[in-house]
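Shown next, in structure tokens, is the structure this report addresses.
Worth saying up front: this structure is predicted, and the values here are computed from it rather than measured. To find a chain, count down the sequence lines: A is the first, B the second, and so on, and within it residues start at 1.
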Protein chains: 2
Amino acid sequence: MFASAQLPQTLDKSDFKELEPQLRDDLLKAQLEMIERKDFSVIILVDGLDGAGKGESIARLYGWMEARHLVCNAYSEPSKEARQHPPFWRYWRDLPAKGETAVVFGSWYQPILRARIYGELDDDGFQREMMKVRRFEEMLANEGVLILKFWYVLPADVQKQRLKAIEKKKAARHVLADWSTLKNRDKASQTGEEIILATSKGYAPWFVIPSEDAEYRDAALAQTITRSINLKLADGTAKQVAAPPVVGGLEKRSALDAIDLSASLDKKTYEKRRDDLQEMLSEISDTKKFAKRGMVLVFQGNDAAGKGGTIRRVIRPLDPRIYQVHPISAPSDEEKARPYLWRFWRRLPRRGHVAIFDRSWYERVLVERVEGYASHEEWLRAYDEINSFEAELVGHGYLVCKFWLSISAEEQLRRFKAREETSYKQHKITDDDWRNRLKWDQYAIAAGDMIDRTSTRDAPWKLVSSEDKRHARVEVLQTICDRLKEEL
Amino acid sequence: MFASAQLPQTLDKSDFKELEPQLRDDLLKAQLEMIERKDFSVIILVDGLDGAGKGESIARLYGWMEARHLVCNAYSEPSKEARQHPPFWRYWRDLPAKGETAVVFGSWYQPILRARIYGELDDDGFQREMMKVRRFEEMLANEGVLILKFWYVLPADVQKQRLKAIEKKKAARHVLADWSTLKNRDKASQTGEEIILATSKGYAPWFVIPSEDAEYRDAALAQTITRSINLKLADGTAKQVAAPPVVGGLEKRSALDAIDLSASLDKKTYEKRRDDLQEMLSEISDTKKFAKRGMVLVFQGNDAAGKGGTIRRVIRPLDPRIYQVHPISAPSDEEKARPYLWRFWRRLPRRGHVAIFDRSWYERVLVERVEGYASHEEWLRAYDEINSFEAELVGHGYLVCKFWLSISAEEQLRRFKAREETSYKQHKITDDDWRNRLKWDQYAIAAGDMIDRTSTRDAPWKLVSSEDKRHARVEVLQTICDRLKEEL
């Protein structure tokens, strides 16, 4: 999850200087309005990897906000007094009053994170703790607390440097959690992902903050807080707050930006690799092991990215009796009359079969979000619903592979024009395509959020450049074969 | 839980005959409006003990409703086709369209119930399954499905007779679940309670239907469905539906009605038993074992039932350093500014200490419900929040004992008058008391619902007749001593 957070996200110092007065103004205005109205309180949870500058970041926040209505609660080992009471007692004790804001360091997630990293908490125990946390946060949200949770991340090499620097300065060592060593980094990242997956709810969302660049980090933090308070001020009963990361004044690099669009294959190499991979896929899909499993393939991407052509190369080696391609367009009347995911449940494959979705349940957070067919509340909760849905598929034994086929805006234009000029391709280009193209940026944001929030360990997104179709086809075939070999 | 469901609830055949036309009319009208509007679908889940007449009850429902928009889905062992798909596939497949109603027998709860009764599902596994069910139902509710879940219950002896009768008729045997034997009755009841506790949510509540009397059973079913559909029709976005059982046209006996108000003690017996019990309490509360635990006592009851006097007898044998009495009245400004339970969290005892609440968090579902200080949505979700809260207390090692002190309306009147006439007691009677008394019936319903929905295995309500104060005091002391001896 949150692939985009691994990309370097930066903000020039000079740009930041320019942006800062507005950021401060907006944030302070929102806070003052909230203090005035006394309708709700705000809890800002600060978590994530050490070395990311969490303290520094909050110090800047203090400078920007009205500090008399801001308290900071830092928890480490429970005091003797706290140990005499149930675990959540100390967090309850410190809940801010309406109009007030509390910044929480070392929150209720820390003991869980710590125990999980040290292997003291098995899967069931972890899920139990997650349930308790969800109940706690849901109750707070129901009672008018705006809960904003920030997870600070850093690329591995940057974190390494920072931790070394901190360890040199004796005085600073105390700011490190005891589990926050480089040795535990992978485990910590993985646990963080599990936690975010289990507890990022509409009523208490996680925001992942890329923290390599201090200016970007703090601007993102401030902007997210401002937007969330304003949303809550606008609709006091809204329990859903804006899940997606900052946009607008801040340019965020999405996971899509990291796709190398220059990748290509010459015809000969392509044909050789394609044939080899198709042969392999044919063999694996004919095994007894595969007959006990099943596969769900999802294809999404820019219009004209070549989903259809890629799918044709995937199905060629498969026995026609075991697969079905499901092109997804507007829902039928029957489908509209039922819960959203019903249309996909009815198309699930039997064991040992393959269902290929040309567009899918992800349309809810793409076209339905951008075009307003789904309400804000609907598409926000869809991330969590989709993750649950796919977890059920994985739990049943299916392999779930999701592909995002990416092309540049220029390449899309070329393909659209080519379609218009070629008679047998004209049916493939519609007014809708041109209309959607005008919203390229909005679709890119939606796709970026989608990948950040639904690329899970068990059902990851594979981002594929389709600027060169041969490259895309081979990449997709390769990914499927790799997953099959790994899992069977 | 649902103590009231164990009481014989009956409706005379002649009363039923009189009531029936109205019941049918109301139900059909609600259904037709729903068919016309096509805003949501209804799922009626039918579960509970065998022999309660679930089939018979639904058959009558069919006679009352427009059957062309009613389907019945009965699930037993999954078919070969169903086994090829994830477990929830068959339930998804059969989801009703908007405007339609589905009656579900052998729902997603059956495999869990069965595995639990046969000991194939440990606590963690059970909680995992409960989480899946909650996610599923929450998603359906979010997508516009009205989910009504009915749990049919019978007193043990009645069920025994019925099962014997069914077993004699070979043809009818197939209607019994394989685990539904008398031998498993206790386990089944207990599991049912666990399930109801874990999955009775505002968006998908359980209704317990006392089924000894077929007329009462079916009238209660029809009335609950009608009321829930009408609520949803009135506010399409309402995800909370009416949790409390039927009232109004149907008279329901609440758990309070089963209290024997005639119990009394003569002075000599009282003094002897009181002294013995206080001695015992003094000893136990001074042990090392107790020092590691702690106790939370909750006193609720009718006005003038004698809570204060009873509490004084409980604290007398305790070391003043280890207990504190918390009289709960209107919240302070500081408390109003924070989530509801904050005021109780801050009053929790340390380990080895005793907190005595003279009125408590239950005021939310009593006075706040009746007087409208809490919204419908707030007091409905409070049952679940309170159960979670008390589970945290129990999990920390506290003993949680809750007492409802009950007196008759006549006795209350006598005591009110006595208070007015005795100068040193005048401060104990206010206009509020007289006002509340006018709402005696509403308070009784609220108290009955409270006991039904929050009397859990770990934190049960003890209903005590306080018509005779001596009896009440001894009964309370005895209960506390018994619990302490049992748990330490």
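In terms of modelled atom types and a separation under 3.5 Å, the side chain of His396(B) and the main chain of Gln84(A) share a donor-acceptor contact. Although no hydrogens or angles enter the test, the distance criterion places no donor-acceptor pair under 3.5 Å between the side chain of Arg135(A) and the main chain of Phe389(B). Judged purely by atom type and a 3.5 angstrom limit, Trp89(A) has no side-chain atom pairing as donor or acceptor with the backbone of Leu348(B). Under a 3.5 Å cut-off, the side chain of Arg338(B) and the backbone N or O of Leu95(A) do form a donor-acceptor pair.
Between chain A and the options Pro96(B), Pro87(B), Gly99(B), the largest number of non-hydrogen pairs under 4.5 Å is found for Pro96(B). Between chain B and the residues His353(A), Arg346(A), Arg128(A), Met131(A), the most heavy-atom pairs under 4.5 angstrom are made by Arg128(A). Interface summary for chain A: among Glu81(B), Lys98(B), His85(B), the most heavy-atom pairs under 4.5 angstrom belong to His85(B). By number of non-hydrogen pairs under 4.5 angstrom with chain B, the leading residue of Gly125(A), Ser41(A), Pro86(A) is Pro86(A). When Ala391(A), Gly395(A), Pro349(A) are compared by the number of non-hydrogen pairs under 4.5 Å with chain B, Pro349(A) comes out ahead. When the candidates Ala97(B), Gly352(B), Gly397(B) are compared by the number of heavy-atom contacts under 4.5 Å with chain A, Ala97(B) comes out ahead.
Heavy-atom contacts from other residues, nucleotides or ligands closer than 6.0 Å to CD of Glu120(A) number more than 12.
Rounding to the nearest 0.5 angstrom, the gap separating the NZ atom in Lys132(B) from the OG atom in Ser388(A) is 11.0 Å. Annotation: the span from Trp342(B) atom CH2 to Asp94(A) atom CG amounts to 9.5 Å, rounded to 0.5 Å.
A salt bridge between Glu143(A) and Arg364(B) is present, with a side-chain N of the basic residue lying under 4.0 Å from a carboxylate O of the acidic one.
The shortest side-chain heavy-atom distance between Gln127(B) and Asp124(A) does not fall under the 4.5 Å cut-off. Here the side chains of Arg83(A) and Arg350(B) are not in contact, with every heavy-atom distance at 4.5 Å or above.
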Test Lys336(A) against Lys38(B) for side chain to side chain contact (heavy atoms under 4.5 Å, CB included), laying out the working first. CA-CA 11 Å; Lys336(A) 268 190 224 154; Lys38(B) 284 199 177 47; over 6 Å; no
Determine whether Phe136(B) and Glu392(A) satisfy the following criterion, side chain to side chain contact (heavy atoms under 4.5 Å, CB included), listing intermediate values before the conclusion. CA-CA 11 Å; Phe136(B) 175 56; Glu392(A) 280 186 82; 6.0 Å; no
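Of the atoms belonging to Arg93(B), it is backbone heavy atoms, and not side-chain ones, that fall under 4.5 Å from chain A. Contact annotation for Arg134(A): only side-chain heavy atoms (C-beta onward) come within less than 4.5 Å of a heavy atom of chain B.
Of all the heavy atoms in Glu385(A) and Asn142(B), the pair that sits closest is OE2-ND2, 4.1 Å.
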